[in-house]
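Data first, discussion second: the structure below is written as structure tokens.
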Amino acid sequence: SRANIGVVGLAVMGSNLARNLAGRPGNTVAIYNRSADKTHHLATAHPEAEFVTADTVEEFAQSLSTPRTAIIMVQAGPATDQVISQLADVFEPGDIIVDGGNAHFTDTIRREAELAARGLNFVGAGISGGEEGALNGPSIMPGGSAEAWNTLGPILESIAAVADGEPCVTHVGTDGAGHFVKMIHNGIEYADMQLIAEAYDLLRHAAGLSPQEIADVFRQWNTGVLESYLIDITAEVLGHVDATTGSPLVDVIVDQAGSKGTGVWTVQSAVGLGVPVTGIAEAVFARAISSSGASRRAGGGLPGPTPTDGKSGSAIGDAQGFIDMVEQALYASKIVAYSQGFDAISEAASEYNWSIDRGEIARIWRAGCIIRAQFLDRITEAYREQPELPLLLAAPYFHSALDDAQTPWRKVIQAGVETGIATPAFSSSLAYYDQIRRERLPACLIQGQRDFFGAHTYKRVDAEGAFHTDWSADRSESRVD
Ligand code: NBP
């Protein structure tokens, strides 16, 4: 038993994570994969890592010092269940099994309970940053017990990405908390990407800028409040010219966005929790619309506004002024999307009894993951100043940012409406903002309607209790509780 940590599953993520682990002082890494050729290939390709190879789970268990700690990086779903069950059969009470795949958090809750009953520690850990992150330092979101964290924490801290000298990992909360937070990370990623895509669409097709010009705009934005990995890579993609055609690559890429499902999970979970993650939902739906071939073909002939010539269009005005307004609109919408994501975390924490430090979540997203951004520092500060902050976008810093942005935000959406360029995430974020800030909402009317057709009752602004109006008779009101 020479190894202090093991990795099971040596596809892209697992092999890179194993190399990352092996590169840290003090670690000896045992590796195991269902198909043994991958295990030996990895060990041969990276002799410097001095991996301890195992061809069977029994050998793998024997190669680990106790308490055993193993990270599973296999396909999410049934494959993960199979591997967990194989490990559980050869591990002993007190050992730690970590699932680093993209599990649904409810599966993680179930697996944790099953293994806890057998005396085994199970930790569902969200790992973000793809292949590169796995190798050089991902953002890691582990759940599981405090006991497991004591052993696992230092190991994960040694391989995580570093931001301002601090590792991008924290004990998120118990059982499924880590995978839930990873799911929200991915949902926010969807919203962020959609917002950027809408900004591009407006600059390209409402303002008439070329992809190269827009790449420069994004490079400029990446020096300001929007500075982030996604803005950075957007500039790279937009500036890239296709070698075959000489056209901007973005013009030869088929405009149908794919997904692996974590965005859908985020929206499904949020709907279940009753949390409006409208920015994320619009992003998921926009990908669905882009991929709905038959509907798009059938919708292709529908009328839109009379085309303008871009720059001279009344909705746009001068190009630089419009670019600045789009930057503000993107920033404001992004604040809303993140605020909604953090609302989902808060609601899930209370539903599932997780104690989650939201400032810590923003902190561990600052490096190693796809949504890494300067802006996350502001979120961490907001939660450090006010740990029980009920609404992120109402924190003083964001309040003032939204104050500055709200007029351009409205104008940009107006320009989209006038030119027929859809801005679902910009628009839904503004709609959320305009609802959340209103003293009274038209929900009073909806309660009246519900009472009319279903006797669902309503509350009054001036009295306690539930009331019903006898709509079908004399319309007298009675208190019904
Ligand atoms: P894959 O998700 O493609 O899974 C391939 C691995 O699963 C191989 O090691 C394969 O073994 C193993 N496996 C399968 Br499939 N069925 C198995 C079974 N029944 N028993 C044992 N092993 C089985 O690998 P990946 O892309 O490296 O991702 C690993 C995990 O990390 C996934 O959960 C993924 O969602 C997550 N993740 C991926 C990324 C990313 O950027 N790719 C980022 C973050 C998280 P074999 O070699 O014998 O077929």
Side-chain angles (χ1 to χ4, degrees), residues 8-17 33-34 71-84 98-111 124-135 138-143 161 172 176-197 228-230 233-234 237 253-272 277-293 337-338 340-341 344-345 348 365 368-372 424-425:
V8 183
L10 302 173
V12 185
M13 290 294 288
S15 53
N16 282 299
L17 200 72
N33 190 68
R34 177 180 61 180
I71 304 179
I72 302 174
M73 291 302 289
V74 303
Q75 206 174 66
T80 300
D81 275 314
Q82 281 175 24
V83 173
I84 290 171
V98 183
D99 174 20
N102 267 340
H104 194 280
F105 74 98
T106 52
D107 283 337
T108 302
I109 292 174
R110 167 180 60 79
R111 289 166 180 156
I127 300 185
S128 175
E131 182 178 348
E132 200 257 310
L135 181 60
S139 170
I140 312 178
M141 293 148 256
V172 171
H179 273 137
F180 185 89
V181 165
K182 170 64 175 19
M183 179 186 77
I184 296 298
H185 164 282
N186 286 26
I188 290 175
E189 174 186 315
Y190 271 63
D192 228 338
M193 292 170 71
Q194 174 64 23
L195 291 169
I196 291 171
S228 60
Y229 172 72
L230 282 171
I233 65 163
T234 301
V237 174
I253 297 179
V254 173
D255 59 345
Q256 298 180 352
S259 67
K260 281 190 180 168
T262 42
V264 172
W265 285 358
T266 307
V267 177
Q268 285 171 333
S269 306
V271 169
V277 291
T278 60
I280 300 170
E282 289 296 351
V284 170
F285 291 141
R287 289 196 192 186
I289 292 171
S290 79
S291 304
S292 60
Y338 279 66
Q340 293 179 337
I345 292 175
W365 286 348
C369 64
I370 305 298
I371 65 171
R372 58 187 184 256

Report the distance from atom CZ of Phe105 to atom OG of Ser269, rounding to the nearest 0.5 Å.
-> 4.5 Å

Locate the shortest heavy-atom distance separating Val98 from Ala125; write the atom from each residue and the value.
-> CG1-CB, 3.9 Å

How would you list, by chain and number, every residue that makes a side chain to side chain contact (heavy atoms under 4.5 Å, CB included) with Val264, sequence neighbours excluded?
-> Gln268, Val284

For the atom pair NE2 (His179) and CD1 (Ile109), what is the distance rounded to the nearest 0.5 Å?
-> 11.5 Å

For Ala270 and Val277 the tightest heavy-atom approach is CB-CG2, 3.4 Å

What one should report as the nearest heavy-atom pair of Gly258 and Arg287 is O-NH1, 2.8 Å

Can you tell me which residue pairs pass the salt bridge (Lys or Arg N to Asp or Glu O under 4.0 Å) test with a partner in residues 253-266, sequence neighbours excluded?
-> Asp255-Arg296

Is there a donor-acceptor contact under 3.5 Å from the side chain of Thr262 to the main chain of Met183?
-> no

Non-hydrogen atoms of Met141 and Lys182 that approach each other most closely | SD-CA, 3.5 Å

Correct closest heavy-atom pair for Tyr190 and Gly261 would be OH-N, 3.8 Å

Gln340 vs Ile280, side chain to side chain contact (heavy atoms under 4.5 Å, CB included): CA-CA, chis, key distance, verdict | CA-CA 9 Å; Gln340 293 179 337; Ile280 300 170; 5.6 Å; no

Under 3.5 Å, side chain of His104 to main-chain N/O of Ala76, donor-acceptor pair present?
-> no

For Ala257, does its backbone N or O pair with a side-chain atom of Ser291 as donor and acceptor, under 3.5 Å?
-> yes

Could you check if a side-chain atom of Ile370 sits within less than 4.5 angstrom of a side-chain atom of His185, using non-hydrogen atoms only?
-> yes

According to the salt bridge (Lys or Arg N to Asp or Glu O under 4.0 Å) rule, which pairs have a member within residues 185-194, sequence neighbours left out?
-> Asp192-Lys334

List for me each residue that meets side-chain hydrogen bond (donor to acceptor under 3.5 Å, both in side chains) alongside Ser228, sequence neighbours excluded, and say none if there are none.
-> none

Shortest non-hydrogen contact between Glu131 and Met13, atoms and distance = N-SD, 3.9 Å

In Å and rounded to the nearest 0.5 Å, what is the CD to CG distance from Glu282 to Leu195?
-> 10.5 Å

Residues in side-chain hydrogen bond (donor to acceptor under 3.5 Å, both in side chains) contact with Ser15, at least two apart in sequence or another chain = none

Applying salt bridge (charged side-chain N to carboxylate O under 4.0 Å, His left out) to Arg111 and not counting sequence neighbours gives Asp81, Asp99

Is there a side chain to side chain contact (heavy atoms under 4.5 Å, CB included) between Trp365 and Ile188 once you walk through the steps?
-> CA-CA 11 Å; Trp365 286 348; Ile188 290 175; 3.8 Å; yes

Could you go through the side chain to side chain contact (heavy atoms under 4.5 Å, CB included) check for Ile127 and Met73 one step at a time?
-> CA-CA 10 Å; Ile127 300 185; Met73 291 302 289; 4.1 Å; yes

In Å and rounded to the nearest 0.5 Å, what is the CD1 to CD1 distance from Ile371 to Ile184?
-> 10.0 Å

Side chain to side chain contact (heavy atoms under 4.5 Å, CB included) between Asn186 and Trp265, worked out = CA-CA 10 Å; Asn186 286 26; Trp265 285 358; over 6 Å; no

